[in-house]
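Take a look at the structure below.
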Amino acid sequence: MKNPRLALIGTGGTIAGAASAASVSTDYKPASLSLVAVVDTVPELRQRYDIEVTQPLQLASYDVRPEHWLDLHKAVMLAVHNPEVNGIVVTHGTDTLEETATFLHLSVNTSKPIVLVGAMRPATAYSADGPANLLDACTVAACDTARERGTLVVMNGRIHSGLWVGKRHVSSVDAFDSPLAGALGEVADQAVQWFRAPRRAPSIAWQAPVTWPRVDIAVAYAGVDETAMRTFVSAGAQGIVYAGLGNANMPSAYRTFFQSLPAQGVLVARCARFITGSVSRTSAYADAQHGILTAGPLPPHKVRIILLLGLAHGMDGPAIQRWIDQILLAG
Ligand code: SIN
């Protein structure tokens with residue numbers, strides 16, 4: 001029988017990182033090795049799968065910008081359109097892995113499995129987690145039951161939805177989880193166990209933007225004032241995501257300013273800062289009346305990606321709110 005064909009797409013990160021000694025696991029240079037070199041550390045990969053490797057990017061993910069997503073999107077679409085390819089694996093740094101996963105989840109319309117994977121320890125460390133994570137990611141990408149689930153993230157034996165996953169620890173190999181939503185499944189020794197039936201969020205009808213709009217995140221804290229938001233507006237922000245206190249609350253003193261932004265042509269969304277839970281529309285903000293978007297339990301950096309995609313595709317506030325509601329409905 002023919003081996004499944006996998007497209008492996010390299011972007012750098014710690015999974016391709018190198019340190020000065022095998023005993024060093026936190027002080028290293030990400031994106032030091034090519035993806036081909038990383039694949040070669042796991043001989044079983046080429047025994048089990050027919051592997052094609054491309055490397056559109058080679059950087060630490062803290063340097064990833066929306067412009068990089070365009071190159072990645074192109075590479076992913078080449079694999080999506082190749083009828084020989086069964087599944088796609090993207091290796092990525094962990095710092096912004098959840099943002100790239102959200103971007104692909106919401107911008108690639110395919111039933112093929114797309115799996116993002118990274119590592120918390122560099123490839124040179126005694127305790128490197130990259131090889132096992134990569135093998136697991138390939139297992140999932142080659143699996144027929146991974147189809148129709150959108151973009152997935154595989155880390156430390158767990159399979160997460162690209163939309164809900166987040167990095168929660170700075171160094172542990174068990175850094176990723178999906179608060180509220182939970183993991184979609186587990187993978188161990190080439191066996192995949194799902195906890196839920198396949199479901200896919202509605203993706204945008206992708207047109208590569210010539211330029212991305214500017215969308216910023218304003219983080220709240222005790223004593224916060226309007227300075228950051230005013231600066232973002234002066235810098236040309238077309239959208240601002242407010243990472244608010246508690247149920248996306250903000251000091252009473254600057255609600256009027258915030259509520260005035262949509263009428264000035266700046267889309268705004270209310271999200272919760274650092275904690276989980278579904279933000280509710282409350283009378284204090286009169287969200288619908290002022291055109292303020294809300295996105296339930298989605299965190300600010302993921303809502304920013306929805307605004308980026310929506311604005312880049314010419315959607316207005318109500319259309320973006322409808323899309324958010326459909327995304328949340330798909331779960
Ligand atoms: C990065 O995000 O590229 C550095 C950190 C990591 O990959 O774990």
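Whatever order the structure lists them in is the order used to number ligands and atoms, beginning at 1. Just so it is clear, the model here is predicted, and its values are computed rather than measured.
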Next item on the list: Could you tell me whether some N/O pair between H92 and ligand 1 is separated by less than 3.5 angstrom?
Entry: no
Next item on the list: Kindly state whether the ring of H290 and the ring of F258 have centres lying under 6.0 angstrom apart.
Entry: no
Checklist line | Option passing side-chain contact (heavy atoms from CB on, under 4.5 Å) with W164 (candidates L184, L298, L180) | finding: L298
Checklist line | Residue A60 vicinity, atoms of ligand 1 by number, heavy atom under 4.0 Å | finding: 3 (O)
Note to self: Below a 4.0 angstrom heavy-atom separation, can you tell me which part of A119, side chain or backbone, both or neither, approaches ligand 1?
What the structure shows: backbone
Next item on the list: Below 4.0 angstrom from a heavy atom of D95, which ligand 1 atoms are there? Numbered from 1 as shown, please.
Entry: 2 (O), 4 (C), 5 (C)
Next item on the list: List the closest protein heavy-atom neighbour of atom 8 (O) of ligand 1: residue, atom name, distance to the nearest 0.1 Å.
Entry: T94 OG1, 2.4 Å
Margin query: Distance to the ring centre below 6.0 angstrom and angle to the axis at most 45 degrees; does that hold for R230 and F257?
Written below: yes
Notebook entry, point to check: Do any N or O atoms from the side chain of H105 and from the backbone of A101 form a donor-acceptor pair under 3.5 angstrom?
Noted result: no
Next item on the list: For N3 and D50, test the side chains for any donor-to-acceptor distance below 3.5 angstrom and give the result as yes or no.
Entry: no
Checklist line | Under 3.5 Å: N/O of S61 near N/O of ligand 1 | finding: yes
Margin query: Any heavy atom of G12 closer to ligand 1 than 4.0 angstrom?
Written below: no
Notebook entry, point to check: In terms of residue, atom name and distance, what is the protein heavy atom nearest to atom 4 (C) of ligand 1?
Noted result: T14 OG1, 3.5 Å
Note to self: Side chains of Y49 and R5, heavy atoms from C-beta outward: is any pair under 4.5 Å?
What the structure shows: no
